[in-house]
Visitor: 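Shown below is the structure under consideration.
Since the model is a prediction, treat every value here as computed from it, not as a measurement.
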Number of protein chains: 2
Amino acid sequence: MEKMNLCPKFETAFQLLGKRWNGLILRVLFQGPVRFRDISANIPSMSDKMLVDRLKELEIAGLVQRTVFPETPVRIEYQLTDKGKALEPALDEVQAWAEQWME
Amino acid sequence: MEKMNLCPKFETAFQLLGKRWNGLILRVLFQGPVRFRDISANIPSMSDKMLVDRLKELEIAGLVQRTVFPETPVRIEYQLTDKGKALEPALDEVQAWAEQWME
DNA sequence: GTTTGTTGCTTACCTTTAGTAAGTATATTA
DNA sequence: TAATATACTTACTAAAGGTAAGCAACAAAC
């Protein structure tokens, strides 16, 4: 078989996107800036702890920006960066595949 | 925030695609029928055990077909089903994103 | 006729990650 | 005073991932 050149970018990307919950979290974020409870309400099977962990990872990876509004109670908004927004076509393709082929 | 309808197909799809190694394995399978060692040689950081586990899952999910040729030593070929092949546009989009935005 | 090689796995073991349930700090409302 | 809300933490257990070795079936080499 022909030896293909390994693509570390693709591998890294898939380890990020492929990590459980990240696809679903990103899909919620495509709606625009949202708050912690908005995300968790849309993904009821995910625990708060997982959401905290994933949002931190996505922020470090540069896909998500976190903004604090020092009101009471505190309001925190999560929104996609340009890098995060650029993922929309890819996730749309996954969704199209899921609708056609799953079940 | 507007309540979005949960999409279990999308969730299931992403739990499958998002699971570690699956994206990379599928990318190798897009080349055509391949053998166990072809895949493992292309993904050197993955252990045999993980590859066995993932190929079984992908077969059960209907994305991969396994064919045994009873030669000596035995030859086993893995290839994508139509459902598996239909994923190519989605993975291409992920790859395009990775090349533009990673690092 | 015992060793070596090849293939596609298993098995045992240990570590890392995921998941569950409860709790925290801050402040407003009843 | 107690309840409510937000966005997390913490402690714990279960599940998944990762490592290294071994296995069964032959064939060919020595």
Side-chain angles (χ1 to χ4, degrees), chain A residues 1 3 6 8 11-12 14-26 28-29 31-61 64-80, chain B residues 1 3 6 8 11-26 28-29 31-61 63-80:
Chain A
M1 198 189 92
K3 174 74 182 172
L6 266 177
E11 184 165 5
T12 309
F14 239 99
Q15 279 176 16
L16 184 69
L17 297 185
K19 212 161 179 177
R20 197 169 174 193
W21 306 119
N22 279 348
L24 293 168
I25 293 168
L26 290 170
V28 176
L29 288 168
Q31 296 182 26
V34 285
R35 304 178 63 178
F36 190 89
R37 283 298 148 210
D38 295 328
I39 308 175
S40 72
N42 275 285
I43 315 174
S45 51
M46 176 182 52
S47 69
D48 281 9
K49 184 201 160 205
M50 285 293 101
L51 182 51
V52 171
D53 288 357
R54 288 300 182 272
L55 285 172
K56 274 181 193 156
E57 288 172 10
L58 292 172
E59 195 187 353
I60 288 166
V64 167
Q65 194 193 330
R66 183 180 184 272
T67 313
V68 181
F69 298 88
E71 307 165 354
T72 25
V74 66
R75 182 162 62 94
I76 290 162
E77 275 188 2
Y78 297 91
Q79 58 188 313
L80 293 172
Chain B
M1 199 190 89
K3 174 76 180 169
L6 266 176
E11 184 165 6
T12 310
F14 240 100
Q15 279 176 17
L16 184 68
L17 297 185
K19 212 160 181 180
R20 198 168 174 194
W21 306 118
N22 278 349
L24 292 168
I25 292 168
L26 289 170
V28 175
L29 288 167
Q31 296 182 27
V34 285
R35 303 178 63 179
F36 190 89
R37 284 296 148 210
D38 295 328
I39 307 174
S40 73
N42 274 286
I43 315 172
S45 52
M46 176 182 52
S47 69
D48 281 9
K49 182 199 160 205
M50 285 294 101
L51 182 50
V52 171
D53 288 357
R54 290 300 181 271
L55 286 172
K56 275 182 192 155
E57 287 173 11
L58 292 172
E59 195 188 352
I60 288 166
L63 274 73
V64 167
Q65 193 194 331
R66 183 179 182 272
T67 313
V68 181
F69 298 88
E71 308 164 355
T72 22
V74 66
R75 183 162 62 95
I76 291 163
E77 275 189 3
Y78 297 91
Q79 59 188 312
L80 293 172

Visitor: Would the distance check show the side chain of D38(B) and the main-chain N or O of R35(B) forming a donor-acceptor pair, the cut-off being under 3.5 Å?
Guide: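 Present.
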Visitor: Specify the residue among I76(A) and K49(A) whose closest nucleotide of DNA chain D lies further upstream toward the 5′ end.
Guide: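 Result of the comparison: I76(A).
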Visitor: Nearest to the side chain of R66(A) - dG17(D), dT10(C), dA7(D)?
Guide: dA7(D)
Visitor: Specify the residue among F36(B) and K19(A) whose closest nucleotide of DNA chain C lies further upstream toward the 5′ end.
Guide: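 On the 5' side of the pair lies F36(B).
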Visitor: Are K56(A) and dA7(D) close enough that a side-chain N or O sits under 4.0 Å from OP1 or OP2?
Guide: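 No, outside the criterion.
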Visitor: Is the phosphate of dT7(C), meaning OP1 or OP2, less than 4.0 Å from a side-chain N or O of R35(B)?
Guide: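 Answer no for this pair, as no side-chain N or O of R35(B) is under 4.0 Å from OP1 or OP2.
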Visitor: Nearest-Å distance, CG (D53(B)) to P (dT11(C))?
Guide: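 In whole Å, dT11(C) P and D53(B) CG are 12 Å from each other.
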Visitor: Between M46(A) (CE) and dA7(D) (C1'), how many Å, whole number?
Guide: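 Rounded to the whole Å, the gap is 13 Å.
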Visitor: Please report the distance, rounded to the nearest Å, between CG in L24(B) and P in dG17(D).
Guide: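 It works out to 14 Å between those atoms.
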Visitor: Roughly how many Å is it from CG in L51(B) to C1' in dG17(D), rounded to a whole number?
Guide: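 Distance, rounded to whole Å: 14 Å.
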Visitor: Return a single string for nucleotides 22-30 of chain D, one symbol per nucleotide in 5' to 3' order, where B is base contact, S is sugar-phosphate-only contact and - is none, cutoff 4.0 angstrom on heavy atoms.
Guide: ----SS---
Visitor: Identify whether any heavy atom of V74(B) sits under 4.0 Å from a base atom; if not, whether one sits that close to sugar-phosphate; answer base, sugar-phosphate or nothing.
Guide: sugar-phosphate
Visitor: Going by heavy atoms in the side chains, are L17(B) and N22(B) under 4.5 Å from each other?
Guide: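 Answer no - side chains too far apart.
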Visitor: Is any side-chain heavy atom of S47(A) closer than 4.5 Å to a side-chain heavy atom of W21(A)?
Guide: no
Visitor: What nucleotide among dT19(D), dA18(C), dT20(C) has an atom nearest to a side-chain atom of S47(A)?
Guide: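 The nucleotide sitting nearest to the side chain is dT20(C).
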Visitor: Could you tell me the separation between the CE atom of M50(B) and the P atom of dT19(D), rounded to a whole number of Å?
Guide: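 From M50(B) CE to dT19(D) P: 10 Å.
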Visitor: What I'd like to find out is whether the side chain of M46(A) reaches to under 4.5 Å of the side chain of I25(A), using heavy atoms alone.
Guide: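 A side-chain contact exists here, since the closest heavy-atom pair is under 4.5 Å.
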Visitor: Quick one: side-chain hydrogen bond (donor to acceptor under 3.5 Å, both in side chains) partners of D48(B), sequence neighbours excluded?
Guide: R37(B)
Visitor: I need the CD1-P distance between I43(A) and dA18(C), as an integer number of Å.
Guide: 15 Å
Visitor: For E57(A), check salt bridge (charged side-chain N to carboxylate O under 4.0 Å, His left out) against everything at least two apart and list the hits.
Guide: K19(A), R54(A)
Visitor: Roughly, in whole Å, what's the span from CZ in R37(A) to P in dT6(D)?
Guide: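 Answer to the nearest Å: 7 Å.
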Visitor: Would you please confirm or rule out a distance under 4.0 Å between OP1 or OP2 of dG17(D) and any side-chain N or O of R54(B)?
Guide: yes
Visitor: With the side chain counted from C-beta on, respond yes when L55(B) and I39(B) share a heavy-atom pair under 4.5 Å apart, and no when they do not.
Guide: yes
